[in-house]
Amino acid sequence: MTPDTTTATGLTGRDWQQVERAYASSSPYNYAVLDDFFTPETFTSVRSQLLSNWGWQYKNWQANELYVRDPQIPEIQTVASELKARLPEVLNGLEFVRCWAFMHQRNVGLKVHADNGAVTVDVWMTPDEFNLLPEAGGLLFFDVKRDPAMMIHEFNTVEWAERYFAEHTRGKTETVGYGCNRAVLFDAGTFHESDRVRFRDDGADTYRINLSLLFDDPDEFARRRRVYDD
């Protein structure tokens, strides 16, 4: 089959079959790197809407990072639909269930954890010129996956996640370096953490920002959440 090298509405064209092969062959981590993820127009629009999102101002500006859940950015839903069409093996039976963004205002990355879903697409949204450690700033993947029976707090909060991780790791890791408009498609159950973060500290324009799209079986996603919502 001829690779899809055309440009979609919001995504840069690429060999999507190769992306799925990379994801499958990188076990036990299960990830694939997609450079130039958004088209230039989509990247500029999404970044602008993230930076101006009203949600940041209601967060704790003394915290290490700021967090916005489900930003209302039209291009995100479009891109999620395009990913579903182009990654039929990886996203088989899954739906786009959540989106979030982190702004790392203290140059402190996220500690080891797993995500609450089946597959995550993480996109870095800050220009490379603001990354003061070009060899770092990305993601570290570990040789540990969460147990399907685990509750969310057991794999997604620092104290619980670090305990589980320490008990199960054999010390193997893989690192994906930072790149502006680079996406990392990965198994959301794989434990991971931010690599060293050192971006220019000149305001929101220069802070490290990552945007994450989460795919999951909607029923399973609801089941894991139900105990916390009741």
Side-chain angles (χ1 to χ4, degrees), residues 11-12 14 19 22-23 26 29-40 42-53 55-56 59-69 71 73 76 79 99-115 119-144 156 158 161-162 165 169 171-188 190-214:
L11 297 174
T12 302
R14 68 188 71 242
V19 172
Y23 180 93
S26 57
Y29 312 98
N30 296 109
Y31 72 93
V33 178
L34 294 78
D35 285 329
D36 300 316
F37 181 68
F38 291 127
T39 62
T42 300
F43 175 84
T44 298
S45 177
V46 172
R47 175 169 161 79
S48 175
Q49 291 176 78
L50 281 175
L51 288 172
S52 63
N53 190 283
W56 303 118
K59 306 302 179 181
N60 179 9
W61 285 90
Q62 300 303 313
N64 288 332
E65 67 277 329
L66 304 179
Y67 174 86
V68 170
R69 177 181 291 174
I73 298 175
I76 292 176
V79 163
C99 178
W100 64 88
F102 276 104
M103 181 185 292
H104 300 268
Q105 61 175 355
R106 296 286 181 267
N107 273 328
V108 177
L110 300 180
K111 301 299 184 182
V112 63
H113 66 284
D115 293 339
V119 175
T120 302
V121 179
D122 208 22
V123 193
W124 294 314
M125 301 298 298
T126 304
D128 293 323
E129 64 189 274
F130 300 127
N131 183 4
L132 301 180
L133 288 176
E135 73 281 7
L139 273 178
L140 272 67
F141 290 111
F142 299 97
D143 58 347
V144 179
N156 198 245
V158 174
E162 286 185 339
F165 164 76
T169 183
K172 296 181 179 179
T173 66
E174 288 205 12
T175 302
V176 178
Y178 181 89
C180 180
N181 200 19
R182 169 175 289 169
V184 187
L185 168 81
F186 63 93
D187 182 339
T190 302
F191 277 72
H192 56 283
E193 71 179 17
S194 305
D195 197 0
R196 295 168 297 155
V197 177
R198 188 183 173 198
F199 280 62
R200 270 179 49 186
D201 186 12
D202 292 334
D205 281 349
T206 71
Y207 296 148
R208 180 188 187 273
I209 296 176
N210 64 277
L211 172 68
S212 299
L213 284 66
L214 186 71

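In this chain, numbering begins with 1 at the start of the sequence shown.
- Contact annotation: the side chain of Leu110 never approaches that of His192 to less than 4.5 Å [non-hydrogen atoms, C-beta and beyond].
- In plain terms, the two heavy atoms of Val112 and Glu193 that are nearest each other are N-OE1, 3.3 Å.
- Heavy-atom minimum distance, Pro71 versus Asn53: CB-ND2, 3.6 Å.
- The side-chain heavy atoms of Thr126 and Met103, taken from C-beta on, include no pair separated by under 4.5 Å.
- In this structure, CG on Leu214 lies 4.5 Å from CH2 on Trp100, to the nearest 0.5 angstrom.
- Between Tyr29 and Phe141, the two ring planes are tilted [angle within 30° to 60°].
- Side-chain atoms of Arg14 come within 3.5 Å of backbone atoms of Asp36 as a donor-acceptor pair (strictly under, hydrogens ignored).
- In this structure, Phe102 and Tyr67 have tilted ring planes: the angle between them lies in the 30° to 60° band.
- In this structure, CZ in Arg198 is found 8.0 Å from CG in Asn107, a value given to the nearest 0.5 Å.
- Contact annotation: the side chain of Asn131 never approaches that of Arg208 to less than 4.5 Å [non-hydrogen atoms, C-beta and beyond].
- Going from atom CZ of Phe191 over to atom CG of Asp143 covers 11.0 Å, rounded to the nearest 0.5 Å.
- Not a single donor-acceptor pair under 3.5 Å links the side chain of Asn156 to the backbone N or O of Asp115.
- Between Arg47 and Pro127 the shortest side-chain heavy-atom distance falls below 4.5 Å.
- Thr44 places a side-chain N or O within 3.5 Å of a backbone atom of Pro40 that can act as its donor or acceptor partner.
- Ring orientation note: the planes of Phe43 and Phe38 are tilted relative to one another, at an angle of 30° to 60°.
- Between Leu132 atom CG and Thr206 atom OG1 the span is 8.5 Å, to the nearest 0.5 Å.
- Nearest heavy-atom pair across Leu211 and Cys99 is CD1-SG, 3.5 Å.
- Using a 4.5 Å heavy-atom cutoff, the side chains of Val176 and Phe186 are not in contact.
- Judged by distance alone, the side chain of Thr169 and the main-chain N or O of Phe165 form no donor-acceptor pair under 3.5 Å.
- Annotation for Gly55 and Val68: closest pair C-CG2, 4.0 Å, computed over non-hydrogen atoms.
- Residues Ala204 and Ile209 come closest through the heavy atom pair O-CD1, 4.1 Å.
- By the 4.5 Å heavy-atom criterion applied to side chains, Pro134 and Asp128 are not counted as neighbours.
- With Phe37 as the fixed residue, the side-chain contact (heavy atoms from CB on, under 4.5 Å) test singles out one of Thr12, Asp122, Val79, Thr42: Val79.
- Interatomic distance, CD of Glu135 versus OG1 of Thr175, reported as 11.5 Å (0.5 Å rounding).
- Inter-residue side-chain proximity for Tyr31 and Glu174 is flagged as met; some heavy-atom pair is nearer than 4.5 Å.
- Residue Ser194 holds its OG atom at 6.0 Å from CG of Leu139, rounded to the nearest 0.5 Å.
- No side-chain heavy atom of Tyr178 sits less than 4.5 Å from a side-chain heavy atom of Leu133.
- Nearest heavy atoms, Leu50 versus Ala101: CD2-CB, 3.9 Å.
- His104 has its ring centre no less than 6.0 Å from the ring centre of Phe199.
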